[in-house]
Amino acid sequence: VPGCPVTANNCGQQVTEMGDYLAARLTRTEPPWLEVVRRYLLFIAIGNILWEFVQLPGFADWSEAGWSWVVFIAVLGTAGDVLIAATCLVLVLVAIGDQTWPLRRSSYWRVAALATLAGIAYTTYSEWRHAVVLHHWTYSALMPMVPMLGVGLFPLLQWMLIPPVAFFCAIRTLPPK
């Protein structure tokens, strides 16, 4: 057939190349850093969506909203949390990461600790700005408050607990070094 790339002479070669391509795609292994980042962000998303629903009673006016609005707010908050976590991780990797991350545990946990602290610092500022200064949201009587800052404790605990657990879960499948 004129113009057809497969001919009787090269048909076997075409099939072999396609098989090699498919085998490589199916058996490819990701670099360790990419696997860890993907797993970290997955665990961040799972932990934060659960946390968003658990902490809802700590915010005023949530009980008057319909379920679709509550789900929307939880998903929106989780999306923001994933972006914060990803941004903190990338900034810390740029600042102090080295070629041994995530395989060398000391490098991994140094990055994890600083990324977690960056998330806590940003969340503290964001809660203060949005709740205290701009009044975008208010806390209910169920929200424990952080003295002197005037912000809720639950959002800060969220960043003290979820990122370390996510970092722990993300690294579990890599061989220790």
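The model shown is predicted, which means the values in this text are computed figures rather than measured ones. Below, all heavy atoms of this structure are taken into account, side chains as well, without hydrogens, waters or symmetry copies.
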If you group Ile, Leu, Val, Met, Phe, Trp and Tyr by side-chain heavy-atom gaps below 4.5 Å, do Phe43 and Leu41 land in one group? no

CZ of Phe168 to OH of Tyr40: how many Å apart, nearest 0.5 Å? 15.0 Å

Please identify each residue that fulfils ring pair (Phe, Tyr, Trp, His ring centres under 6.0 Å) with Trp51, with sequence neighbours left out. none

Under a 3.5 Å distance rule, please check whether Tyr108 uses its side chain to pair with a backbone N or O of Phe167 as donor and acceptor. yes

Does the side chain of Trp33 reach to within under 4.5 Å of the side chain of Val36, using non-hydrogen atoms? no

Would Ile162 and Ile46 show up in the same hydrophobic cluster when neighbours are defined by side-chain heavy atoms closer than 4.5 Å? no

Under a 4.5 Å cut-off applied to non-hydrogen side-chain atoms, are Pro102 and Glu35 in contact? no

What are the two closest non-hydrogen atoms of Ala131 and His135, and how far apart are they? O-ND1, 3.4 Å

Among the clusters formed by ILVMFWY side chains lying less than 4.5 Å apart, do Val165 and Leu117 turn up in the same one? no

Do Ile171 and Arg105 make a side-chain contact, defined as non-hydrogen atoms from C-beta onward lying under 4.5 Å apart? yes

So do Leu157 and Gln55 actually touch side chain to side chain, heavy atoms under 4.5 Å? no

Using the side-chain hydrogen bond (donor to acceptor under 3.5 Å, both in side chains) criterion, which residues pair with His136? Sequence neighbours excluded. His130

Quick check: do Tyr139 and Glu127 have side-chain heavy atoms less than 4.5 Å from each other? yes

Give the intermediate values and the outcome of side chain to side chain contact (heavy atoms under 4.5 Å, CB included) for residues Asp98 and Arg104. CA-CA 10 Å; Asp98 59 32; Arg104 200 173 94 227; 4.0 Å; yes

Is there a side chain to side chain contact (heavy atoms under 4.5 Å, CB included) between Phe53 and Val70 once you walk through the steps? CA-CA 8 Å; Phe53 283 111; Val70 169; 4.0 Å; yes

Membership question, hydrophobic clusters at under 4.5 Å side-chain separation (ILVMFWY): are Ile44 and Leu161 in the same one? yes

Heavy atoms only: give me the nearest Val54-Pro57 pair and the separation to one decimal. O-CD, 3.3 Å

Throw together a table of side-chain donor-acceptor distances under 3.5 angstrom for residues 71-86, partners on residues two or more places apart or in other chains.
unit_1	atom_1	unit_2	atom_2	d
Thr78	OG1	Ile49	N	3.4
Thr78	OG1	Ala74	O	2.8
Asp81	OD2	Gln158	NE2	3.0

Please report the interatomic distance SG(Cys88) to CH2(Trp159), rounded to the nearest 0.5 Å. 6.0 Å

Check each of Thr87, Leu89, Leu93 against Leu91 using the side-chain contact (heavy atoms from CB on, under 4.5 Å) test, and report the only one that passes. Thr87

Only counting residues at least two apart or in another chain, list the ones meeting side-chain hydrogen bond (donor to acceptor under 3.5 Å, both in side chains) with Thr116. none

Check for a donor-acceptor pair, side chain of Thr123 on one end and backbone N or O of Gly119 on the other, with a separation under 3.5 Å. yes

Contacts of Val132 meeting side-chain contact (heavy atoms from CB on, under 4.5 Å) (sequence neighbours excluded), chain-then-number -> Trp128, Val151

Could you pull out all residues at least two apart from Ile96 that satisfy side-chain contact (heavy atoms from CB on, under 4.5 Å)? Val92, Arg110, Val111, Leu114

Transitive ILVMFWY side-chain link Val90 to Val37, under 4.5 Å: no

Between Glu64 and Trp69: side-chain donor-acceptor atoms closer than 3.5 Å: no

